[in-house]
There are 2 protein chains.
Amino acid sequence: MQNNITMRDIASKLGVSSVTVSKALGDKEGVSEELKQKIKELAQEMGYRYNTAARTMKEGFSYNIGVVIADRYASRTQSFYLQFYQFLATTLEEEQYSGILHMLSEEDEEQLVLPRIYHDRKVDGFIILGQLSNAYIEAFANTEIPLVFLDFYTDQTELDYVITDNFYGMYEMTNYLISCGHRDIAFVGNVHSTSSIQDRFLGYYKSLLEHRIPLREEYIMNDRDKKGKFIDIAIPDKLPTAFVCNCDQVAYMLINTLRKQGIQVPEDCSVVGFDNDIYATLAEPGLTTVEVDRKEMAKAAVNKIVNKIRSTATSSGRVLVRGKMIYRQSVKSIL
Amino acid sequence: MQNNITMRDIASKLGVSSVTVSKALGDKEGVSEELKQKIKELAQEMGYRYNTAARTMKEGFSYNIGVVIADRYASRTQSFYLQFYQFLATTLEEEQYSGILHMLSEEDEEQLVLPRIYHDRKVDGFIILGQLSNAYIEAFANTEIPLVFLDFYTDQTELDYVITDNFYGMYEMTNYLISCGHRDIAFVGNVHSTSSIQDRFLGYYKSLLEHRIPLREEYIMNDRDKKGKFIDIAIPDKLPTAFVCNCDQVAYMLINTLRKQGIQVPEDCSVVGFDNDIYATLAEPGLTTVEVDRKEMAKAAVNKIVNKIRSTATSSGRVLVRGKMIYRQSVKSIL
DNA sequence: CTGAAAGCGCTTACAG
DNA sequence: CTGAAAGCGCTTACAG
């Protein structure tokens, strides 16, 4: 079956032209229903496989989408983005596209080397997963190949972004804590590290504002250095009644740190996370958190890139995908 | 820069033919060094991008490799194979190939539906990651498209496999335990579940045989049901001094189960795992384990598939990639 | 409803 | 060292 059957082969067997075969297999107009059936059956029988490359030559579209993930987002312990890619690959397939993963190395990012699949015209567009340097984004944007940024945004308004509604999610979470009677609520996260963390912080802050709870500087706790590497979390002298962590992993680490100091969660204080990743269930107790709806985000991103490829006239902007509150045992009502 | 520059465009600007441009950019013979340089420079300047599809039409090769992972191997908590894919994607890129991930659904596996990228001739071959049903493998093998199985093997000798040396790794690990004075050593894992587990078990058994330690039935403990779903592990009445677990996750769960029964690791008994995945470091104490060298395995698999594509005459067989012992705190010497 | 012709962008084999 | 011709397998626009 290692075949090289072409439309012409099918055509000559049936005594018709390859144009007719093309129309039949493509379900186009201009072939009698009867002949169409016969052609399809014979194609099946002969083990015909469509040659995408020929269509690519004609149309100029490869029906492949490049997905770029920076190396640093896919370490041995971090698979959030790899799972994201899984959703993208599946969703792309449903749209008749294929996903090609490109892991971006630090050197390439620094030296503004675009992926080889770009130079080879192997893809019609790119979905870029997670934050990259501004210079790299600019280099990419200059190519004018269709681009969608996923789980990240900057202030460059002419670009397209699909992000989780970090702001609203953390706002909702903080509201929930307040409804449980908490008023001394700390935020754990480096607000200068990523735009996600920043927005989550602002959602937390909005909730405080609405409830007229003052923002206290000692309740904004750093969790990572400039390079994004986690650091030891310094617990404030006066223990808050609840900690809002910028992500589950940090919540997980915080709970362990607290335990070592003899502080029990949720008895002595409550802790919440964000993402609903593996750390949310590994933590003891399980974390109340906000689930990032990666499936919906993947759908939105695929939808957007496909539209951009098909029509040049697309309004750019941010798509916010709503997350989902997940209630577990890490919060205690203190009413 | 949304360009459609072709070789012909470069050629006409320089007053040469597109054949010459093709030779120059492809570093082929038959163009003067001087002209070659000029062409390359102009190509760069004009933002020329090579059109892979045209080459594919000529050669019949897409320079894409499909990577198949069954849905069930990529759950929210399991990212072993996704990380594997990451290594594959990177290694493929080094070989001028691109990886296309295909998540295989249960329905498709059951109904023997081959990936769309197969029917579209989008890939030159497949790397299949993890175990699939025999029927599906057969359907795949019947197509005669080049195939390499990664991290799995069956008795079909005419196929190609790249696997970690499960047998030797567990043999080495059990030897280590015995050298630490252990003789009451249990094995945790369903030996009928996958070939990996079976081989790990046999490596354990070989070590026992060599040391004239009898294999005790009550020391072979089941960890999952027929469908591969984890079950509660029943601790034997007479506690062994060491548990050899078929993977880190099971070791992690075992340690938690033991702790709930008041049994401390490694004080009361030792526990070892296999894989060196996230559970090896999440466990307390950290697990002594065998690291699966996924990078080397990915290299071997890519190497093999590329060779198969380039030449039809390839000897099939198994490639065993040696794992690496990782020593942590979960083993106590009882000498 | 059916098909001859042209063309997508490259490479190979051959001629000069 | 350089290039004209043919061909890879399909689709589109047009003619019948």
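To find a chain, count down the sequence lines: A is the first, B the second, and so on, and within it residues start at 1.
Between the CG atom of N4(B) and the P atom of dC8(C) there is a distance of 11 Å, rounded to whole Å. In this structure, the CD1 atom of I10(A) is 12 Å from the P atom of dG9(D), given to the nearest Å. Distance E29(B) CD to dG3(D) C1': 17 Å, rounded to the nearest Å. What separates CZ of R55(A) from P of dG9(C) is a distance of 17 Å, to the nearest Å. When rounded to the nearest whole Å, the span between CG of L14(B) and P of dC1(D) equals 17 Å. Going from atom CD1 of I5(A) over to atom C1' of dC10(D) covers 16 Å, rounded to whole Å. Nucleotide dT11(C) holds its P atom 8 Å from the CG atom of L25(B), rounded to whole Å. Atom-to-atom, NZ of K36(B) to P of dT2(D) comes out at 11 Å; the value is rounded to the nearest Å.
Between K28(B) and the phosphate of dT12(C), there is a side-chain N or O to OP1/OP2 separation shorter than 4.0 Å. Contact annotation: T6(A) does not reach the phosphate of dG9(D) (side-chain N/O to OP1 or OP2, under 4.0 Å). Between Y48(A) and dC10(D) there is a side-chain N or O to OP1 or OP2 distance below 4.0 Å. For T20(B), a side-chain nitrogen or oxygen approaches OP1 or OP2 of dG3(D) to under 4.0 Å.
Each of K58(B) and S18(B) was matched to the nucleotide of DNA chain D holding its nearest heavy atom; the match closer to the 5' end belongs to S18(B). Position along DNA chain C of the nearest nucleotide to V19(B) versus A53(B) favours A53(B) as the more 5'-ward residue. Between G15(B) and M57(B), it is G15(B) whose nearest contact on DNA chain D lies nearer the 5' terminus.
Ring centers of Y153(A) and F149(A): at least 6.0 Å apart, outside the cut-off.
Counting only heavy atoms from C-beta on, M7(A) has its side chain closest to dC10(D) among dA5(D), dC10(D), dC10(C). Of all nucleotides listed (dC1(C), dG3(C), dT11(D)), dT11(D) comes nearest to the side chain of S22(A). The Y50(A) side chain lies nearest to dC10(D) when the options are dC1(D), dC10(D), dA4(D). Nearest nucleotide to the side chain of N51(A), out of dC10(D), dG3(D), dT2(D): dC10(D).
Here the closest non-hydrogen pair linking Y63(B) and D124(B) is N-OD2, 2.8 Å. Annotation for S62(B) and K122(B): closest pair OG-O, 2.9 Å, computed over non-hydrogen atoms.
Nucleotide dA13(C) is matched to nothing when pairs are restricted to Watson-Crick or G-U wobble geometry with both distances under 3.5 angstrom.
No side-chain donor-acceptor contact under 3.5 Å links Y48(B) and T6(B).
The closest donor-acceptor contact from the side chain of N303(A) to the backbone of K299(A) lies at 3.5 Å or more, if one exists at all.
With Y50(B) as the aromatic partner, R121(A) does not meet the cation-pi criteria of under 6.0 angstrom to the ring centre and within 45 degrees of the ring axis.
The base of dG3(C) sits with one of its N or O atoms less than 3.5 Å from a complementary donor or acceptor on the side chain of K23(A).
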